[in-house]
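I have placed the structure first, in the form of structure tokens, so that the comments after it can refer back to it.
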Amino acid sequence: MEFSHDQRTLDLIDRVEAFVHERAILAERVLDEQLAATPGEWSFRPVVGELRDAARAEGLWNLFLPGERGAGLTNVQYAPLAERTGWSPRLAPVAFNCAAPDTGNMEVLADFGTPDQQAEWLEPLLAGDIRSSFCMTEPDVASSDATNIATRIRRDGDSYVITGRKWWSTGAMNPDAAIFIVMGQTDPDAERHRQQSMILVPRDTPGVRIIRPLTVFGYDDRDHGGHAEIAFDDVRVPAANLIAGEGEGFAIAQARLGPGRIHHCMRAIGMAERALSLVQERANARVAFGRPLAEQGVVREWVAESRIQVESLRLLVLKTAWLMDTVGNRRAMTEIQAIKIAVPRAVQQILDRAIQLFGAAGVSGDQPLAEMFAGARSLRLADGPDEVHLNALGRAELKAPRR
Ligand SMILES: Cc1cc2nc3c(=O)[nH]c(=O)nc-3n(C[C@H](O)[C@H](O)[C@H](O)COP(=O)(O)OP(=O)(O)OC[C@H]3O[C@@H](n4cnc5c(N)ncnc54)[C@H](O)[C@@H]3O)c2cc1C
């Protein structure tokens, strides 16, 4: 394994770090003010557009996407950059056009889309002209098992007709999310993993109805376009909108989630580093019972435990990135599952300690810790709950030949 950064990555780290610290973090307060001044408004607030313009002008754009269409970075090259964006999870990923769910949707279109689909939807997403949503999870079925998805996609002549209900469609409250990738059943009688397909549904298609925004621990995540519950009532789209082919939905979902999971973990490590830097400042400045918090044994223990977790998990994430680059996403599945379980869990713990150190300020909106905690906690569900990954990882471990 080779984890030293090449010159290109070192240059990008410097530029991304400067952008995050000198622009994104400073813009967080501005974003709060703009959100407060425009309740009920779901499109990007002006400060997000300004950051995006600046990042694009600096060439810090589509860093996540390998190949010619994106920045062409490997996972090992992208990992330290994504980590730095995690310092400002509300603004930095979106500023660089590297925010979920657009990233995963762009990967699906790049890997599985037809040239027409790519021209119509991938190009404007890459240019940052539109946003998108990924609609798999449903209120009425246990959606951690993708084979349960019950939305129907029926062929009717030159069209498909979609009927069902989705929720937790991240980004869909933003009116600029012009395209939804919807997963549904095309053939309930097919073999279990061939029943599902994915189809492109433009937001303005008749029958698409946004029912309500959901909240995460009370946060509406307006800066990410929120999370929507959506009804699809006899929504008719051209047959050419199907992605890859009937029965390919499950395979596309698996392919989509590999890179998405590692990106989440990289950013989560950045959140932990920001929490540790806030802790360092606070622990040295704040005095209780006659000495700085930094001199209390328990605080030192918390910080030491957190540092050990960050360092060991970063190595596991880098190993996973290296495996994805060298043997492919499929053969790196065990490690992808391991980091998806271990990183959000540890980062949640690190943020919890940081909140405790900050006292009541820690749970307030004056510090980023509470919102980051909500994000880390949610990550233990999004892109597959811990237990599903634990189950698969344990099964593979028990079957694997031992040396
Ligand atoms: C902030 C956030 C953003 C999200 N964004 C999106 C999005 O953009 N698009 C989208 O489609 N979805 C999204 N989701 C939904 C997310 O992917 C689902 O919540 C997740 O897949 C779990 O599905 P479920 O909620 O239906 O839970 P269920 O399937 O009902 O599972 C509930 C619980 O059962 C247990 N369980 C399930 N299976 C097993 C097993 N095999 N072994 C042991 N225990 C098990 C687990 O503890 C699990 O948490 C998002 C969720 C959150 C919180």
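When a ligand or atom number is given, it counts from 1 through the structure's own listing order. The residues of the chain are indexed from 1 along the displayed sequence.
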Next on the checklist: Could you check, using the six-membered ring where one of them is a Trp, whether H227 and W167 have ring centers closer than 6.0 angstrom?
Outcome noted: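 When the ring centroids of H227 and W167 are compared, they turn out to be at least 6.0 Å apart.
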Next on the checklist: Before we go on, tell me: are the rings of F19 and F96 under 6.0 Å apart, centre to centre?
Outcome noted: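 So the answer is yes for these two rings.
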Next on the checklist: Name the residue from E371, E28, E83, E281 that meets the salt bridge (Lys or Arg N to Asp or Glu O under 4.0 Å) definition with R274.
Outcome noted: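 With R274 as partner, salt bridge (Lys or Arg N to Asp or Glu O under 4.0 Å) holds for just one option, E28.
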Next on the checklist: Check this for me: E68, atom CD, are more than 12 non-hydrogen atoms of other residues, nucleotides or ligands nearer than 6.0 Å?
Outcome noted: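 No, CD of E68 has 12 or fewer neighbouring heavy atoms, counting only those of other groups under 6.0 Å.
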Ligand 1 N/O to protein N/O, distances under 3.5 Å:
from, atom 1, to, atom 2, distance (Å)
ligand 1, 5 (N), W168, O, 3.2
ligand 1, 5 (N), T170, OG1, 2.8
ligand 1, 8 (O), W168, O, 3.3
ligand 1, 8 (O), T170, N, 3.1
ligand 1, 8 (O), T170, OG1, 3.2
ligand 1, 9 (N), F134, O, 2.8
ligand 1, 9 (N), W168, O, 3.2
ligand 1, 11 (O), M136, N, 2.9
ligand 1, 11 (O), T137, N, 2.8
ligand 1, 11 (O), T137, OG1, 3.1
ligand 1, 12 (N), T137, OG1, 2.6
ligand 1, 23 (O), S144, N, 3.3
ligand 1, 26 (O), S143, N, 2.9
ligand 1, 29 (O), S143, N, 3.2
ligand 1, 29 (O), S144, N, 3.0
ligand 1, 29 (O), S144, OG, 2.5
ligand 1, 47 (O), E387, OE1, 2.8

Next on the checklist: If we count only N and O atoms by modelled type, under 3.5 Å, do the side chains of Q348 and D352 hold a donor and an acceptor together?
Outcome noted: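 D352 and Q348 do not have a side-chain donor-acceptor pair below 3.5 Å.
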Next on the checklist: I need the single residue from R154, R236, E246 that forms a side-chain hydrogen bond (donor to acceptor under 3.5 Å, both in side chains) with Y160. Which is it?
Outcome noted: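 Of the listed residues R154, R236, E246, the side-chain hydrogen bond (donor to acceptor under 3.5 Å, both in side chains) partner of Y160 is E246.
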